[in-house]
Each structure stands twice: as C-alpha cells, then as structure tokens.
Amino acid sequence: MAYWLMKSEPDVYGIDHLAAEPDGVEHWDGIRNYQVRNMFRDQFRIGDQAFFYHSNTKVPGIVGVMEVVSEAYPDHTAFEPGKYYDPKSDPDNPRWLMVDVRYLRHTRRVITLAELKADPALSDMALVRRGNRLSVMPVTNDQWAHILEMEKRDAE
DNA sequence: GCCAACGTTGGC
DNA sequence: GCCAACGTTGGC
C-alpha cells in the first residue's frame with residue numbers, strides 16, 4: 001500500500017466538503033499536470049491512503065486522511081464546458097485522469113506546513129522542497145508514520 | 001529542439 | 001496582493 005498527499009484549497013473543496021459527501025466518496029478531478037496524471041495511472045491503487053492538505057489558505061497544512069477507492073479513470077470534466085474543459089481531451093482519447101477518494105477522518109489538529117518544514121525527519125519530503133508545486137505527491141512509509149506521530153503531539 | 005513569453009500555483 | 005518557481009506553449 002502506498003501513501004500520498006493531495007492538496008486542495010479549502011475555499012474551493014476542503015476536507016469538510018469531502019466528509020459531507022454520500023459515503024464520504026468523491027472523485028478528485030481537475031488535475032491538469034502530466035506528472036500527477038502518470039502517478040494516478042501508474043501508481044495509485046485501491047486501498048492506498050492519502051493526507052488531505054489545505055493549500056492557499058491562512059494556515060496551510062494536513063487536515064485529514066482519506067483512502068483511494070478507485071483505479072484511475074478518465075476525468076470527464078475535461079469534456080464539458082467549464083473551468084476544467086480541455087479541447088485536446090475527448091472520451092475516445094482522454095488526456096486527463098482522476099481517482100475516487102473516500103473520507104476516513106479529520107486529523108485531531110492541523111499539522112501545519114510550518115511544522116512539516118521545521119522537522120528534520122521530513123526534509124526529503126516533496127512538499128517541503130523548495131519550489132515544489134505538485135498538487136499530488138508521494139509520501140514514504142517513514143514519512144507517513146512520522147507525521148502520524150506528530151499529530152499526537154500538541155502544536156508547538 | 002531551443003527558449004522567451006505566458007499562465008498558474010501557492011506561500012507569505 | 002505580491003511574486004518566485006515552475007510547467008506549458010508556440011515562434012523560429
């Protein structure tokens with residue numbers, strides 16, 4: 001089983017939105033980055049778990065845990081008029097993929113980006129490396145376990 | 001195939 | 001709101 005971190009802006013779609021979905025399930029659409037698409041296609045598996053990360057907000061950080069509940073499949077929002085429309089993608093040859101995720105829980109507190117950055121054990125994490133803008137990224141087993149331990153502590 | 005211009009992400 | 005860092009686009 002693999003671990004991931006997936007970013008979303010809470011004003012657009014936050015952990016509370018996911019928690020409120022029927023069965024806590026929603027598709028993770030709107031990914032328009034080839035690296036992420038390839039991760040969805042080649043590495044995401046049912047049963048993987050992911051941190052839900054709030055970006056572009058006052059206190060960015062990890063706010064919840066979810067699980068992957070589908071294989072990658074075509075992102076239909078690319079076919080429809082709207083924010084995510086991409087004329088170069090069509091149902092016969094879909095360019096973009098998405099996966100379904102299911103809400104598991106809120107973390108007991110926000111594990112802030114500042115904490116993650118300050119922790120030497122996480123210095124290799126993609127999230128804290130300078131300039132990294134991927135909205136979906138892998139988390140190693142060690143990093144995952146370490147962050148769950150951080151969650152148990154009170155914020156510094 | 002290079003690379004400048006442009007658009008987006010996302011922390012601050 | 002600013003702007004650094006990056007990915008993508010398109011002219012050549």
Do A:Arg153 and A:Glu115 sit within salt-bridge range, that is, some charged N less than 4.0 Å from a carboxylate O?
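Salt bridge between A:Arg153 and A:Glu115, a charged N being under 4.0 Å from a carboxylate O: no.
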Set of residues satisfying side-chain contact (heavy atoms from CB on, under 4.5 Å) with respect to A:Tyr85, sequence neighbours excluded:
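A:Tyr85 satisfies side-chain contact (heavy atoms from CB on, under 4.5 Å) with A:Pro87 only.
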Please determine, by modelled atom types, if A:Arg32 and A:Thr77 share a side-chain donor-acceptor pair under 3.5 angstrom.
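Yes.
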Which residue in the set A:Val139, A:Thr140, A:Asp142 passes side-chain contact (heavy atoms from CB on, under 4.5 Å) when paired with A:Tyr3?
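With A:Tyr3 as partner, side-chain contact (heavy atoms from CB on, under 4.5 Å) holds for just one option, A:Val139.
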Any side chain to side chain donor-acceptor pair (under 3.5 Å) involving residues 46-65 of chain A? Give me the pairs, sequence neighbours left out, ordered by first then second residue.
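Of all non-adjacent pairs touching residues 46-65 of chain A, those that pass side chain to side chain donor-acceptor pair (under 3.5 Å) are A:Trp4-A:Asp48, A:Glu9-A:Asn56.
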Please identify each residue that fulfils side chain to side chain donor-acceptor pair (under 3.5 Å) with A:Trp28, with sequence neighbours left out.
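Result, side chain to side chain donor-acceptor pair (under 3.5 Å) vs A:Trp28: none returned.
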What residues form a side chain to side chain donor-acceptor pair (under 3.5 Å) with A:Arg41, not counting sequence neighbours?
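For A:Arg41 the side chain to side chain donor-acceptor pair (under 3.5 Å) partners, ignoring immediate neighbours, are A:Asn38.
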With 3.5 Å as the limit, what N/O pairs link the protein to nucleotides 8-12 of chain B?
from	atom 1	to	atom 2	distance (Å)
B:dT8	O2	A:Arg133	NH1	2.9
B:dT8	O2	A:Arg133	NH2	3.4
B:dG10	OP1	A:Lys7	NZ	3.2
B:dG10	OP1	A:Arg133	O	3.1
B:dG10	N7	A:Asn56	ND2	3.4
B:dG11	OP1	A:Tyr53	OH	2.7
B:dG11	OP2	A:Asn56	N	2.9
B:dC12	OP1	A:Lys117	NZ	2.8

Pairing pattern in dot-bracket form [Watson-Crick, G-U; both distances under 3.5 Å; | = partner strand] for DNA chain C:
||||||||||||
